[in-house]
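Ligands are counted one by one from 1 in listed order, and the atoms in each one are counted from 1 as well. Computed from a predicted model, the values in this text were never measured in an experiment.
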Amino acid sequence: MDIVISVGGSVLVPEISAERVSEFARVVEKIAEEHSVTLVVGGGKTARDYIGVARELGSNDAMCDYLGMDVTRINARLLIAALEGTAYPEPPTSYREAEDALADEKVPVMGGTAPGQTTDAVAAVFSEYTDADLLVYATSVDGVYTADPSTDDDAQKLERLTPEELIEIVMKTQMDAGTNSVVDALAAKIIERSGMHTIVLDGSDPTDIERAVLDGVHDGTEILPEETDEEQGALDDF
Ligand code: UTP
């Protein structure tokens, strides 16, 4: 299978540590023994800190985005270091370059690719571009909720939903100031148009990614084009 794994910066480097990055690398190596894997790494708190300071200094959003992208690539480089020869030696800056790395049987470890989006969208576009079989978001939340669980006590976690339902949730969440959606709106749209099989799960324990990919077992949320009556019932309530 062709698998794209998006690793949130806050999951890979909650605090910068060789041990944690190595744990992720060991999981990726194990999955790569059986599957073709691409990693997309986020910027986490470091990116937010740098962007915050740049904003105070008067940088506009596009300038801040470039700063954020640089941080995603710094995090990608840590994972490349831990993966040694298994990874392509540079974070690819384009989808084409990442595809070439896959053709060389290396694991591409990407960061951001263009301003105006986050690595959520990078992972979704690359999955679509390469007709991947599975897209996994390893994030700091344990799945998709009907609302932002950090601000809404009635938020319900969904085991499974359709891409259309994901878009509805993301748009609703993004309109509430101060809330964060589980994936950005562009990523949700790409997942919808490509019909990509997507899993959102808690990446705090990297072995949960291995379990999801290799055994098909996880406690997160499946995003699949078909819908079941059960999940529709939960969605009808939000
Ligand atoms: P992230 O993908 O890490 O943002 O990109 P995020 O989803 O908010 O953070 P985590 O890692 O999941 O906690 C960090 C920043 O880099 C810029 C954006 O400014 C983004 O907020 N970026 C990233 C881009 O401009 N383009 C990209 O393709 C990726």
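Residue contact check: I51 has heavy atoms under 4.0 Å from atoms 19 (O) of ligand 1. Residue contact check: S10 has heavy atoms under 4.0 Å from atoms 13 (O) of ligand 1. Heavy-atom contacts of T119 reach the following atoms of ligand 1: 1 (P), 2 (O), 3 (O), 29 (C) (cutoff under 4.0 Å). Taking every heavy atom of G9 and a limit of under 4.0 angstrom, the matching atoms of ligand 1 come to 11 (O). Of all atoms in ligand 1, numbered sequentially from 1 with element shown, those under 4.0 Å from a heavy atom of G42 are 3 (O), 11 (O). When each atom of ligand 1 is checked for a heavy atom of G43 under 4.0 Å away, the hits are 1 (P), 3 (O), 11 (O).
Between I199 and L134 the shortest side-chain heavy-atom distance falls below 4.5 Å. For the pair Y145 and I169, the minimum side-chain heavy-atom distance is 4.5 Å or more. Between V4 and V40 the shortest side-chain heavy-atom distance falls below 4.5 Å. Here the side chains of E19 and E23 are in contact, with some heavy-atom distance below 4.5 Å.
Of the N or O atoms in D65, one or more lie within a sub-3.5 Å distance of an N or O in ligand 1. Considering backbone and side-chain N/O atoms, Q117 comes within less than 3.5 Å of an N/O atom of ligand 1. The shortest N or O to N or O distance between G44 and ligand 1 is under 3.5 Å.
Comparing heavy-atom distances from atom 6 (P) of ligand 1 across V141, V122, T118 singles out T118 as nearest. Counting only non-hydrogen atoms, the option in G112, A114, P115 that gets closest to atom 26 (N) of ligand 1 is A114.
Nearest non-hydrogen protein atom to atom 15 (C) of ligand 1 is G68 CA, 3.8 Å. At the shortest separation from atom 9 (O) of ligand 1 among protein heavy atoms lies R48 NH1, 4.0 Å. Given atom 12 (O) of ligand 1, the protein heavy atom at minimum distance is G8 CA, 4.2 Å. Of the protein's non-hydrogen atoms, the one nearest atom 5 (O) of ligand 1 is T72 CG2, 3.8 Å.
The closest donor-acceptor contact from the side chain of T221 to the backbone of L158 lies under 3.5 Å. Formation of a donor-acceptor pair under 3.5 Å by the N75 side chain with backbone atoms of G42 is found in this model.
Applying the side-chain contact (heavy atoms from CB on, under 4.5 Å) criterion to A25, with sequence neighbours excluded, gives L79, A82, L83.
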(message) Please evaluate residues V7 and L12 with respect to the criterion side-chain contact (heavy atoms from CB on, under 4.5 Å), reporting the C-alpha separation (whole Å), side-chain torsions for both, the decisive distance (0.1 Å), and the verdict.
(response) CA-CA 7 Å; V7 183; L12 181 69; 3.9 Å; yes
(message) Go through it in stages, so that I can follow the logic: the residues are Y95 and T113, the test is side chain to side chain donor-acceptor pair (under 3.5 Å), and I'd like the CA-CA distance, side-chain angles, deciding distance and then a yes or no.
(response) CA-CA 8 Å; Y95 299 114; T113 54; 3.2 Å; yes
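Residue K45 places every heavy atom at 4.0 Å or more from ligand 1. In this structure, G116 has a heavy atom closer than 4.0 Å to ligand 1.
Judged purely by distance below 3.5 Å, without hydrogens or angles, the side chains of T118 and D184 pair a donor atom with an acceptor atom.
The side-chain hydrogen bond (donor to acceptor under 3.5 Å, both in side chains) pairs that include a residue from residues 40-51 are K45-D49, where partners are two or more places apart or lie in different chains.
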